[in-house]
Amino acid sequence: MLEWLVALCIVILVVLIWPGSKYFGTESQSDALLQGLGISQQATKDKTGRCVSEREGSDGAQAGTDEKARTVALICKPSALANYLLKHCRTFSNYSPCVGWTWRASAFLQSVYEACWPYDSPVQFVRDNLQLSDEGLVALDWAVPSYQKRRRTSSHSTSPILLIIPNSFGKITRNLLKLCETALSHGYLPAVFNRRSHNGTPLTTLKLQQFGDPADLREAVRYIRHRQPAGRLYAVSESTGSGLLLSYLGECGSSSYVTAAVCLSPMFRCQSWFENGLSWPLQWALVLYQKICLSRYKTVLGETIKTDALFSSSSLRGLEEALFCQTGPPTGTSSSCSTSCTWEAYWERNEPLRDVDEVAIPVLSVCAQDDPIRGETQSTVPLELFETNPHFFLLLTDRGSHCGFSTQPEGSAHGAFGAAGSAAAPNSGMESRRTNWSHRALLEFFRATTDFFAAEERAKQLAARRRGLGGGAGGRAFRHRSVSTCKRVPACSHNIHAIYNWQRSYTR
């Protein structure tokens, strides 16, 4: 009994002291990193040509007047779209993290809280089980308010769809539930993508989805386009789920049917993340959770996977290797179905950034420097990608933990912005709660990119009409080419193929 009391006292001391030590110890480190990145006091372009911005005080004073002022940097390549985001996305520079003597100031405690603490959400889910081409099953959970009597949305709805990809372990966190709630209140139709065997999805084949294999997600997106052909499609990933989203965007390019995407606390260099591992409490918890999820399929997986090695693994790398790199028949059976491969060959096919040059839509990554899951910023965040690729934007905060981004309780968090440029829908019975800063930022990013593309498309149509009104062979030829002879397919509401061509002006 005495040992338990001592352990309880130690936990209480850690909870009380750690936030303060983090508060006094990380400010100089974060300032040094921001200075190393060349971030200035205002939105500007540094010597390397990248576009950066820093948080200013709400009263218009300089950022340096308050010693406790926290910065948010938008790191990207200068372009027309980047300038538009800096001008119209006010949430990017309006972040007030929790500081001082509170447990929310601890990155570790905030990460554990967001991942494990239950959340009483006024959102329910309607599941669609999708049978894939190999007879496997994935699931789409459509979020609807608990008070709503109609549980299905009309296929003629023009509401934008928000495709949400959870982490690679299939855990539905508080962050995702709050995101669904916020998206519904702003007129979106949220749909959570569940991989094979995740979140109660039946496992009907002996095949599990590899870390960065987008084949199943591609079929799910086709289903969404078939069910909601008139609505724009946006995508959000959380944590390690960003590996699947970035792989999909890289393989599909301009044919992804996604207007814009956001990665919340993403993992970029996933092979090194699996190899380096986490601190033992976090790694132990993730390994245990994954073993519990896979234990119900232990018998059937034993036909193709060495389950002894799987359930005796004590690290995330060991689990991943046992599932996908050391698969084969059990000892004493035929070896003709062995599909083992090396660890390096596995990541050549699954590294999220393997086809990053083919990504053809704007992608925003929201990261915190004190993220205890991802690790140290300089080695885990590919800053050169955001400095050179016009499609990638990085919101880098000094505090925020992993998928946390808790803010000070002052003021209302609901901003006056709508879904995809339209007016925000009223709550209509949804409980009014404080919105996560990262959720406000991503919805504002979607609105701004949609408005920018709409202006670009209007400018192109106006220029085309002017050429047509000019007469001559050029005008007649333009009108003749406007008649499509292709196979009739559901129309894309935002003319995505005309926007994402080699002449796209937002990369200027």
Side-chain angles (χ1 to χ4, degrees), residues 112 115-119 121 124-143 164-177 191-217 219-220 237-241 243-244 270 274 277-278 281-333 337-340 346 350:
V112 173
C116 303
W117 199 261
Y119 180 67
S121 175
Q124 61 181 351
F125 293 96
V126 179
R127 170 161 293 191
D128 284 343
N129 288 309
L130 309 182
Q131 187 173 35
L132 307 175
S133 56
D134 64 349
E135 298 185 355
L137 283 182
V138 296
L140 283 175
D141 288 339
W142 297 85
I164 301 174
I165 303 176
N167 56 65
S168 60
F169 307 101
K171 172 68 175 177
I172 303 300
T173 61
R174 290 172 54 92
N175 183 58
L176 287 188
L177 294 175
V192 180
F193 174 76
N194 299 289
R195 311 188 196 200
R196 306 181 190 216
S197 78
H198 282 187
N199 196 23
T201 306
L203 182 64
T204 58
T205 63
L206 296 179
K207 175 185 176 182
L208 294 173
Q209 185 174 359
Q210 296 183 0
F211 185 88
D213 181 10
D216 294 353
L217 181 60
E219 295 192 42
S237 63
E238 179 191 52
S239 186
T240 51
L244 179 59
C270 295
F274 273 92
L278 301 170
L282 296 173
Q283 182 150 211
W284 176 83
L286 289 176
V287 170
L288 179 62
Y289 178 80
Q290 195 166 9
K291 287 182 179 180
I292 293 175
C293 294
L294 293 172
S295 60
R296 60 181 300 190
Y297 304 111
K298 181 177 181 179
T299 302
V300 65
L301 290 177
E303 300 179 15
T304 56
I305 295 176
K306 299 176 181 178
T307 54
D308 292 340
L310 174 65
F311 290 99
S312 62
S313 300
S314 58
S315 65
L316 293 174
R317 172 176 177 171
L319 281 175
E320 199 75 8
E321 279 188 301
L323 284 172
F324 303 109
C325 300
Q326 300 175 359
T327 57
T331 305
T333 62
C337 60
S338 178
T339 58
S340 59
Y346 173 76
N350 290 274

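What's counted below: heavy atoms across the whole structure, side chains too, no hydrogens, waters or symmetry copies.
Remark: T173 engages E238 in a side chain to side chain donor-acceptor pair (under 3.5 Å) (not counting sequence neighbours). When the salt bridge (Lys or Arg N to Asp or Glu O under 4.0 Å) test is applied to D308, no partner is found at least two apart in sequence or on another chain. Residues satisfying the side-chain contact (heavy atoms from CB on, under 4.5 Å) criterion with S168, sequence neighbours excluded, are R195, F211, T240. Scored by the salt bridge (Lys or Arg N to Asp or Glu O under 4.0 Å) test, R317 finds E321 as partners (sequence neighbours excluded). Under the side-chain contact (heavy atoms from CB on, under 4.5 Å) criterion, A220 pairs with L130, F193, sequence neighbours left out. Listed by chain and residue number, R127, N129, N194, T201 satisfy the side-chain contact (heavy atoms from CB on, under 4.5 Å) test with A139 (two or more places apart in sequence, or in another chain). In this structure E219 satisfies the side chain to side chain donor-acceptor pair (under 3.5 Å) test together with S133, sequence neighbours excluded. Taking T204 as the reference, L137, P202 meet the side-chain contact (heavy atoms from CB on, under 4.5 Å) condition, with sequence neighbours excluded. Legend: residues meeting ring-ring contact (aromatic ring centres under 6.0 Å, His included) with Y346, ordered by chain and number and at least two apart, are F324. D213 pairs by the side chain to side chain donor-acceptor pair (under 3.5 Å) definition with nothing, not counting sequence neighbours. Applying the side chain to side chain donor-acceptor pair (under 3.5 Å) test to R196 and every residue at least two apart in sequence or in another chain returns D134, T205, D216.
Nearest heavy-atom pair across T307 and L301 is CG2-C, 4.1 Å. Scanning both residues, N167 and S239, for their nearest heavy atoms gives CB-CB, 4.1 Å. Nearest heavy atom pair, residue N350 against residue G212, reads OD1-N, 2.9 Å. Taking both residues in full, the closest heavy atoms of Y119 and L177 are given as CD2-CB, 3.7 Å, listed atom of the first, atom of the second, then distance. The two atoms that bring I172 and P166 nearest to each other are CD1-CG, 3.9 Å, heavy atoms only. Nearest heavy atoms, G170 versus N199: O-CB, 4.2 Å.
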- Query: Taking it one step at a time, do V126 and D141 satisfy side chain to side chain contact (heavy atoms under 4.5 Å, CB included)?
  - Reply: CA-CA 5 Å; V126 179; D141 288 339; over 6 Å; no
- Query: Would L132 and K207 count as a side chain to side chain contact (heavy atoms under 4.5 Å, CB included) if you check the C-alpha gap in whole Å, the side-chain angles of each, and the deciding distance to 0.1 Å?
  - Reply: CA-CA 12 Å; L132 307 175; K207 175 185 176 182; over 6 Å; no
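Screening residues 284-297 for salt bridge (charged side-chain N to carboxylate O under 4.0 Å, His left out) gives no qualifying pairs among residues at least two apart or on separate chains.
Put simply, the side chain of R174 never gets that close to the backbone of A115: no donor and acceptor are under 3.5 Å apart.
With a 4.5 Å cut-off on side-chain heavy atoms, S315 and Q283 count as touching.
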